[in-house]
Amino acid sequence: MKRVPTVITGTVGMDAHVIGTKVLSRALRDSGFKVVELGMQVSPEEFISVAQETRADAILMTSLYGMAELDLKDFNEKRLEAGLGDILLYIGGNLVIGRSDPGEVEKKFKALGFDRVYPPETDTEAGIADLKKDLKARGKI
Amino acid sequence: MKRVPTVITGTVGMDAHVIGTKVLSRALRDSGFKVVELGMQVSPEEFISVAQETRADAILMTSLYGMAELDLKDFNEKRLEAGLGDILLYIGGNLVIGRSDPGEVEKKFKALGFDRVYPPETDTEAGIADLKKDLKARGKI
Amino acid sequence: MKKPRVLNKRIDDDLLMKKRRAELDKWPTGKEVDFDEAVAYQKSLPDSKVWWKVMVKLQEEGRMSVFPRAGTPVLEQMIELCQGLRESGVVLIPVTTDSYTRLGQFEKVEAALKESTRTGKPLLNGFPIINHGVKNTRKLIESVDAAFSPRGAGGDIAIAAGMTTFEGCMPFITWGSYAKRTTMRELVAKWQELSGTVGWYADRGVILCTDLHGWLPGAPFPLSVNIATLVIEALTAAAQGQKALYPLVHCMGNMAQDMAWIRLAPRIIREYLDMFGYKDCRIVGACPAQTPLFPVAMDMGGAFAYLSYVAMVGALAKTNAVDLRTIDEGAGVPTKETHKVSYRAAKWIFDVVREQKIEIQIKDIEIEEKITEAEVRSILDRILDLGDGDIVDGTIKAVEAGVLDSPWSPNINVKDKVLGVRDARGACRYLEFGNLPIPGHIKEFHREKIAEREKLEGKKADYHTAVRDLWGLSRGKIVGLPPYDK
Amino acid sequence: MKKPRVLNKRIDDDLLMKKRRAELDKWPTGKEVDFDEAVAYQKSLPDSKVWWKVMVKLQEEGRMSVFPRAGTPVLEQMIELCQGLRESGVVLIPVTTDSYTRLGQFEKVEAALKESTRTGKPLLNGFPIINHGVKNTRKLIESVDAAFSPRGAGGDIAIAAGMTTFEGCMPFITWGSYAKRTTMRELVAKWQELSGTVGWYADRGVILCTDLHGWLPGAPFPLSVNIATLVIEALTAAAQGQKALYPLVHCMGNMAQDMAWIRLAPRIIREYLDMFGYKDCRIVGACPAQTPLFPVAMDMGGAFAYLSYVAMVGALAKTNAVDLRTIDEGAGVPTKETHKVSYRAAKWIFDVVREQKIEIQIKDIEIEEKITEAEVRSILDRILDLGDGDIVDGTIKAVEAGVLDSPWSPNINVKDKVLGVRDARGACRYLEFGNLPIPGHIKEFHREKIAEREKLEGKKADYHTAVRDLWGLSRGKIVGLPPYDK
Ligand code: B12
Ligand code: B12
């Protein structure tokens with residue numbers, strides 16, 4: 001990648017499941033990204049302000065504890081207000097409570113403003129490949 | 001029981017699963033029935049002829065191997081021709097191939113002329129209780 | 001007593017070939033069999049389709065495969081089923097034939113097969129090898145990278161099609177579990193007539209493997225009679241020229257007994273094969289089996305635990321195969337999906353536990369092994385006495401005398417004077433010894449163990465105890481404690 | 001070094017009561033708690049609802065219960081769920097609280113709870129004890145004949161409602177697995193402030209039990225750090241007046257290690273409790289746990305096998321409880337049905353295997369037990385050094401120095417200089433020792449074991465190996481052999 005893109009990682013809301021975002025962050029670094037790793041329990045507001053400060057190209061959120069929907073209710077408006085309309089938004093993990101149909105979940109979170117939504121146990125490489133594709137498409141790399 | 005009723009047991013067709021009919025036969029004897037125990041692989045014809053000879057009040061068939069339907073295709077006509085219209089017909093076991101809905105199976109075999117149809121692993125006592133009830137109803141005991 | 005031997009006039013090849021042709025002429029597909037082509041085809045098979053080689057590879061590499069039962073009549077569905085099994089790690093695929101085929105009623109089969117193929121709904125409880133014939137059956141075998149074994153029937157057609165097992169032994173199961181009137185003498189005659197095939201192929205460099213069932217214990221029953229008959233089956237197979245075999249070891253749910261029997265069976269079979277001069281007949285493994293007991297139909301959790309238990313016993317005993325039933329065993333012929341999920345569970349245990357190469361010891365294994373071994377030896381000694389050294393002649397007399405006996409048999413020629421129940425820890429003990437030549441001090445041992453249970457339950461053990469025990473393991477309670485709340 | 005002791009100014013009752021009231025005043029339902037009535041209610045409970053008595057009964061009678069996780073917000077649904085568990089033989093029922101409750105965000109909970117009750121669709125990932133209050137929670141407890149335990153939160157309301165466990169210890173899990181910035185000093189302060197409750201009830205004759213988690217190993221990682229922290233938790237609990245406790249023993253899937261750790265943990269905890277003078281604090285069992293590893297979402301067969309494995313290990317180790325996850329663990333909060341079928345499988349294994357009272361020996365258990373014991377002792381010795389005899393002060397310094405360390409922690413105050421990988425047989429070994437005071441010859445042992453795996457896989461073990469191992473057991477392959485076909 002000619003330009004080194006900046007991405008933000010972390011688990012949103014009160015989610016304490018940190019292992020996934022740690023693995024993901026390291027994998028992102030290993031494939032050449034500048035990673036701002038916020039770790040666990042990052043509030044939507046924090047994601048937004050850090051994105052502004054760092055001029056990040058993408059946010060890769062994690063949530064396993066099933067309450068992401070509640071945590072992100074008005075995240076989309078807030079980030080648009082904050083002028084982050086063109087930042088890439090990815091999220092992965094166990095996004096709802098209970099066994100669920102990935103299609104449904106994807107719809108739900110795309111409606112919340114996310115560009116890509118990943119089911120439990122997604123291989124990090126898959127996500128990173130998508131990220132590069134999307135960034136290229138936007139001429140960011 | 002004032003009168004000792006005669007009942008016939010056995011597995012029908014090519015079914016070799018004999019343990020159940022053995023257990024059942026002994027249980028019937030223990031509760032006062034005269035049991036003509038034909039054992040395994042009894043042809044429909046044999047059931048009929050033995051029923052005529054012994055003037056049996058009931059036939060309690062067993063079939064586990066799943067092919068009872070084929071074995072009993074024209075059993076009902078034959079036994080009516082043989083003048084066994086009022087003999088009680090019970091059958092139990094794994095009556096069809098594969099996991100199946102007991103209701104369906106019951107319909108199927110009642111259509112084949114059976115008075116009572118039992119799912120896999122039926123407790124013998126249950127069948128024997130029914131038998132006494134039915135015989136009483138018909139004034140046979 | 002004369003020197004140990006197997007009464008066996010192995011019939012000469014011409015006669016054998018005539019009989020085999022006659023057998024094949026019973027149905028049109030028989031014409032598809034060209035014996036020399038069959039030999040050539042067998043020799044062209046990759047190792048991964050040759051049963052005995054697969055067993056040895058598993059054993060040497062410390063792996064396991066499920067040894068399932070699979071049979072559905074429609075070819076396409078059967079192929080799908082077997083490919084599903086392969087994906088779940090099954091590399092040993094037995095083809096269960098339907099009951100009509102087992103009884104030679106090929107017209108009936110043909111009708112049902114047509115109907116099944118038309119509607120797509122199976123009307124037969126297995127895959128009719130004869131009616132499918134060599135061509136169709138080869139389609140099956142060539143579509144899955146695994147070894148195949150015909151179950152119950154199939155003979156020359158199965159071999160010509162590329163299946164790599166053949167029963168050279170005098171099979172107690174057909175006589176003791178599937179037959180109503182057949183006498184031992186008839187079984188012997190039939191065995192001598194038909195089993196030569198295995199030797200015929202061996203002479204031509206094609207080694208067909210077989211598993212030994214022994215006299216299937218239809219209920220919780222000590223395994224000594226079964227293991228004695230495993231030895232007889234091994235000897236009769238070897239006498240027909242069988243060069244590769246392994247015992248199924250029927251697990252009854254008491255871990256110490258199950259593991260003791262898994263150790264004992266191959267060891268004592270080896271000893272007798274050598275004693276009788278069949279040093280070149282190899283034992284390619286041992287296969288704990290979930291038969292003949294059974295998960296109940298409507299208890300999925302219990303069914304998974306039951307098969308996991310047997311898989312675990314196999315893994316801890318370091319066997320190379322386990323004969324497992326699916327979670328639908330109690331309900332009916334299992335679907336493709338049921339097979340997959342069931343054997344996936346087994347595979348998990350194989351991969352996790354077997355590969356740890358655990359060196360396990362259980363105090364009671366030694367005891368149980370000694371007890372069963374003593375029982376097996378005195379049964380076999382008595383048989384050789386009765387036969388004046390001839391194991392086959394001795395077996396005929398032993399059955400007539402009830403020296404070989406087993407409960408719940410459908411065969412009217414069985415004495416049926418014996419009965420088994422579980423003891424306080426779920427181990428199988430003799431409640432009634434009939435005429436089994438069990439040494440006195442061992443009879444005492446059985447009585448003491450049963451007494452412990454009687455004390456626990458506060459009532460004498462009898463026929464009804466045995467009946468209740470039929471379902472004990474299936475229902476997930478082999479004696480032990482009274483309910484928690486009591 | 002001064003004599004071994006636990007730095008613990010157990011605060012006096014008045015102050016404690018003030019704090020508890022303050023705590024309770026955070027939400028209206030707090031008013032429902034009358035401390036003396038709570039004591040009376042606790043004393044009126046039948047033995048079958050008193051956690052420590054149930055554990056002892058199970059142990060004495062040689063039985064087992066699943067120790068599940070269960071939490072759904074709507075009361076009626078929660079009652080149904082727990083009744084289902086009871087029917088599957090579960091007599092120990094932990095009530096998992098939702099994450100908002102755990103973080104004291106009761107308004108958020110109230111809204112979500114109302115919505116959940118209205119729609120019947122749960123919006124919270126647990127049962128919010130505080131918001132339900134004493135009355136509702138008692139309804140739950142009185143509707144099921146089992147002992148209850150609040151998980152994560154609930155405190156005085158849970159006890160007043162009749163739950164019979166309370167965490168008196170300094171809980172590493174909240175600090176090491178749930179917290180991001182909390183320091184050890186803060187954890188100590190919090191523990192001293194809030195844990196007195198357990199002693200307060202003990203003084204009034206109400207014994208509240210607790211399970212010890214220790215520092216949860218978030219990945220395949222040798223258990224010595226966890227067991228050292230189990231000891232610390234036990235001592236800090238006893239210092240607060242806890243009279244009954246038992247360790248969770250986190251199973252990593254290597255049978256020899258798992259069984260070694262199940263033996264070691266209670267033994268060494270007992271030793272330290274006695275050494276520190278807490279002879280009257282009883283250990284009421286040991287509980288192998290399927291946490292912190294996890295079945296994958298879409299593999300039902302593997303999930304059943306995995307829980308059967310842990311149940312089997314518990315049964316062979318003769319424990320009285322097993323912490324099991326359902327077959328949906330990987331997918332999401334499990335349904336009532338999933339709980340039933342999953343724990344039915346475990347019950348089958350308990351009833352069949354546990355009740356056989358199997359005397360098992362595994363060669364490698366001794367080795368693994370010695371290794372881990374040596375590691376635990378040298379960690380604890382170092383801690384007592386650092387604290388000059390004071391275990392708590394020593395712990396604070398040990399964490400700062402990385403003498404206590406664990407990988408993958410969310411807490412920024414953790415050194416995170418250590419890493420674990422599996423060896424060729426799936427046993428957990430240290431890849432990076434960080435500052436753990438592991439004796440040199442034992443470090444050698446770990447290196448040799450890892451070398452065996454490197455040889456097997458033909459590449460050096462590193463960070464990526466550790467990441468792959470995160471999913472090893474879940475996916476049913478802990479190193480061992482390459483695929484069959486290769
Ligand atoms: C043991 C067994 C065998 C033994 C039988 C030994 C013998 N001679 O008895 C052997 C190995 C020979 C065998 C062979 C076969 N079997 Co089989 N076998 C079983 C097994 C494991 C147990 C059957 C049993 O003995 N149950 C114990 C007795 C006590 O229970 P029961 O028979 O149900 O009887 C009780 C009740 O049903 C009731 N009862 C019975 N009859 C009646 C009648 C009335 C009127 C009443 C009131 C009550 C009643 O009373 C009894 C006491 O409670 C079952 C699976 C299972 N879990 O049940 C498969 C099973 C029956 N077999 C099956 C099959 C397919 C076969 C084979 C075709 C293929 C094979 N596997 O080899 C052959 C067919 C042979 C033939 N021609 O019939 C299938 C049937 C499939 C289906 N129906 O969909 C089953 C269900 C296994 C499976 N899931 O594939 N089998
Ligand atoms: C370990 C664990 C815990 C640990 C977490 C330790 C820690 N601090 O990390 C502890 C014990 C603390 C815990 C607590 C709880 N847990 Co928990 N936990 C788990 C468990 C077993 C494993 C999670 C894990 O570490 N996976 C390993 C990592 C590597 O995988 P991962 O996170 O999925 O990430 C991978 C991929 O998803 C991907 N990825 C992740 N994010 C993203 C983002 C993008 C953009 C992309 C491309 C990829 C990607 O990359 C990673 C590498 O492959 C799961 C069950 C399971 N089988 O997953 C339950 C589970 C997640 N927990 C659950 C629950 C309910 C809880 C609790 C509420 C209750 C409880 N059990 O205590 C609390 C909640 C705490 C909180 N506030 O969040 C539920 C969630 C229910 C739901 N969503 O329906 C689960 C599913 C278990 C269950 N079935 O009940 N838990």
Decide side chain to side chain contact (heavy atoms under 4.5 Å, CB included) for C:Asp416 and B:Lys22; before the verdict, give the C-alpha distance in whole Å, the side-chain angles of both, and the deciding distance to 0.1 Å. CA-CA 12 Å; C:Asp416 204 346; B:Lys22 283 195 171 200; 3.1 Å; yes

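Neither the backbone nor the side chain of C:Thr338 comes within contact range of chain B, judged by heavy atoms closer than 4.5 Å. Proximity to chain C involves both the backbone and the side chain of B:Asp71, based on heavy atoms less than 4.5 angstrom apart. In this structure, no portion of B:Asp15 lies under 4.5 Å from any heavy atom of chain C. In this structure, chain B has a heavy atom under 4.5 Å from the side chain of C:Tyr463, while its backbone stays farther away.
Remark: B:Arg26 CZ to C:His464 NE2 distance equals 5.0 Å, nearest 0.5 Å. One finds the CG atom of C:Asn125 at 11.5 Å from the CG atom of B:Leu64 (value rounded to the nearest 0.5 Å). Distance check, rounded to the nearest 0.5 Å: CE of B:Met67 to CG of C:Leu123 gives 9.5 Å. Annotation: the span from B:His17 atom NE2 to C:Ser99 atom OG amounts to 7.5 Å, rounded to 0.5 Å.
Closest approach of B:Met40 and C:Ala179 over heavy atoms only: CE-C, 3.1 Å. Summarising the geometry of B:Val18 relative to C:Ser409, their closest heavy-atom pair is CG1-C, 4.1 Å, with the distance given to 0.1 Å.
Contact annotation: the side chain of C:Gln105 approaches that of B:Met14 to within less than 4.5 Å [non-hydrogen atoms, C-beta and beyond]. B:Val42 is listed as a side-chain neighbour of C:Lys180, based on a closest heavy-atom distance under 4.5 Å. No side-chain heavy atom of C:Arg181 sits under 4.5 Å from any side-chain heavy atom of B:Gln41.
No more than 12 heavy atoms of other residues, nucleotides or ligands sit less than 6.0 Å from atom NZ of C:Lys121.
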